Novice: 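Dropping the structure in here first, questions after.
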2 protein chains.
Amino acid sequence: MVKKNDNRDFSQIPRVVIKRLFKYHSALENLLSKGTVKVSSKSLSADVHVKASQLRKDLAYCGEFGTRGKGYDVKYLNGKLAEILGLHTEWNYILAGFGHVGHAFVCYEGIFRKGFNVKGIFDIDEKKIGQVFRGIEICDISKMPEIVREHNVQIGVITVPFDSGQSVCDKMIEAGITAILNFAPVLLKPKKSIFIERIDISRELVTLSHYLSHHKE
Amino acid sequence: MVKKNDNRDFSQIPRVVIKRLFKYHSALENLLSKGTVKVSSKSLSADVHVKASQLRKDLAYCGEFGTRGKGYDVKYLNGKLAEILGLHTEWNYILAGFGHVGHAFVCYEGIFRKGFNVKGIFDIDEKKIGQVFRGIEICDISKMPEIVREHNVQIGVITVPFDSGQSVCDKMIEAGITAILNFAPVLLKPKKSIFIERIDISRELVTLSHYLSHHKE
DNA sequence: GAATGTGAACGTTTTCACAGCA
DNA sequence: TGCTGTGAAAACGTTCACATTC
């Protein structure tokens, strides 16, 4: 089964679309585990609560993966999406701030399963430094450049409290990190242009409180 | 200082705008703590990395809070945003799934500071049930309706692993919860129309792996 | 003069509707 | 006939530019 894949520039796909591609991928994984072989845009889109036309438009960013009149081959589409999403590669990350959030992150099942591996954990707490967690020694941040270099680390995860986020970000960039996932309640201003994704739990909670305040029936 | 506030329907504000309003609010808190009294749309918008015109348009959803030629009163605008975001109210929540993520959530500083209070923690693990954490006894899910009723709980936080998310969601709705924050790697299908916000750490990580795969220089 | 508030222009994302293919 | 892939249309969100107000 050969499909055209006309030198598309996957870097131009909007972030919203990427996030939906991941939803499709997850739904396909699920279908795959149930042994489903074929799926239509209608059925797959229903699984992830989007319109069928949107699913098809999203896929159109990437190529042509279906067969008119038939639908999509679950395994083939799943593989293609994994490829586009970079899930066929193993990625290494370091984590700064080994508090509750950092701990939860490292233990989070889904992350390991998707091929993301911790290669370094950093904290400023003297009591934590030197401890070993899941085979990784918790280090002082001064060891960061060495670890990033030695283990070919691309990703930095920031789970420090409050304002130390910025200085950690600076140090990660200096060490050679090119993409950051930021849980710190701070808007990072990177010295160099790199990719930053932020998760702000308070912000999501506030959408709830806004809803509750104004949607009383 | 009296401003018009012409019976606007805050429930119609798009979620993207709400999230930016929260950013403005956070930046204003920061200014307030530094003793700043007045701020212009230009300066405030720069703090949160948006265009001044966007900040003004966002505020236009809510009313008129500034003075032409002068700017905004920091304290006044901050208060108004807090009101719109529902941060002048105390909200009660319950949490299901007291693993790493649940633990991190309950301990997360920002949540408590913003007026969100835990009123119940649930887990299926026999060993955890009966333990007391920060004054809250960890219970079996069967106690949920009682606790929701007694403590006037509006929010449910789902931090269970994998697929038990859906059944927990059902039970929360049955118990009277009207807004859910979902960390489970599952798309919830609520039996009744309620507000659901999802945080998916894997999804955010995947935007990083996509970036790294296709932006090599 | 300075900075807000807003209609109009612009750009992006979603949806529609159907041509094209198995 | 059934379902994909895609232009065209609609909806939505952002930016511009300036009239308005202090």
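A quick note: this is a predicted structure, and the numbers were derived from the prediction, not measured. Lettering follows sequence order; numbering is per chain, from 1.
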Novice: Which part of the nucleic acid does A:Ser53 contact within heavy-atom distance under 4.0 Å: base, sugar-phosphate only, or nothing?
Specialist: base
Novice: Taking any heavy-atom pair under 4.0 Å as a contact, classify B:Arg20: base, sugar-phosphate, or nothing.
Specialist: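 Sugar-phosphate: the residue B:Arg20, judged by heavy atoms under 4.0 Å, touches backbone atoms but no base.
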Novice: Just the rounded figure in Å: distance from P of D:dT6 to CG of A:Leu55.
Specialist: 14 Å
Novice: Considering heavy-atom distances to DNA chain C, does B:Leu59 or A:Val17 have its closest nucleotide positioned more toward the 5' end?
Specialist: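 That would be B:Leu59.
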Novice: To the nearest Å, how far apart are A:Lys57 NZ and D:dG7 P?
Specialist: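 Rounded to whole Å, this separation is 7 Å.
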Novice: In whole angstroms, how far is the C1' atom of D:dG2 from the CZ atom of A:Arg56?
Specialist: 11 Å
Novice: Specify the separation, in whole Å, of atom CD of B:Glu64 and atom C1' of C:dT6.
Specialist: 10 Å
Novice: Within the pair A:Ser41 and D:dT4, is there a side-chain N or O less than 4.0 Å away from OP1 or OP2?
Specialist: yes
Novice: Can you check the A:Arg15 CZ to C:dT13 P distance for me, whole Å?
Specialist: 12 Å
Novice: In whole angstroms, how far is the P atom of D:dC18 from the CZ atom of B:Arg68?
Specialist: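 The answer, rounded to whole Å, is 16 Å.
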Novice: So, A:Tyr108 versus B:His100, ring centres under 6.0 angstrom or not?
Specialist: no
Novice: Roughly how many Å is it from CG in A:Leu21 to P in C:dT13, rounded to a whole number?
Specialist: 13 Å
Novice: Return the value, rounded to whole Å, for the distance between atom CG of B:Asp58 and atom P of D:dT15.
Specialist: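 Rounded to the whole Å, the gap is 10 Å.
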Novice: So, for A:Gly165 and A:Ala184, which heavy atoms are closest and what is the spacing to 0.1 Å?
Specialist: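 Result for this residue pair: CA-CB, 4.4 Å.
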Novice: Please report the C-alpha distance between A:Glu204 and B:Arg198 in whole Å, then the side-chain angles of each, then the deciding distance to 0.1 Å, and finally whether the salt bridge (charged side-chain N to carboxylate O under 4.0 Å, His left out) criterion is met.
Specialist: CA-CA 8 Å; A:Glu204 308 304 331; B:Arg198 171 135 180 251; over 6 Å; no
Novice: Is the distance from the ring center of B:Phe183 to that of B:Phe105 below 6.0 Å?
Specialist: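 They qualify: ring centres under 6.0 Å apart.
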Novice: Between B:Tyr72 and C:dG5, is there a contact of a side-chain N or O with OP1 or OP2 at under 4.0 Å?
Specialist: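 Indeed, a polar side-chain atom of B:Tyr72 lies that close.
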Novice: For residues A:Gln54 and A:Asp58, is any side-chain donor paired with an opposing acceptor at under 3.5 Å?
Specialist: no
Novice: Under 4.0 Å between a side-chain N or O of B:Lys51 and OP1 or OP2 of D:dT15?
Specialist: yes
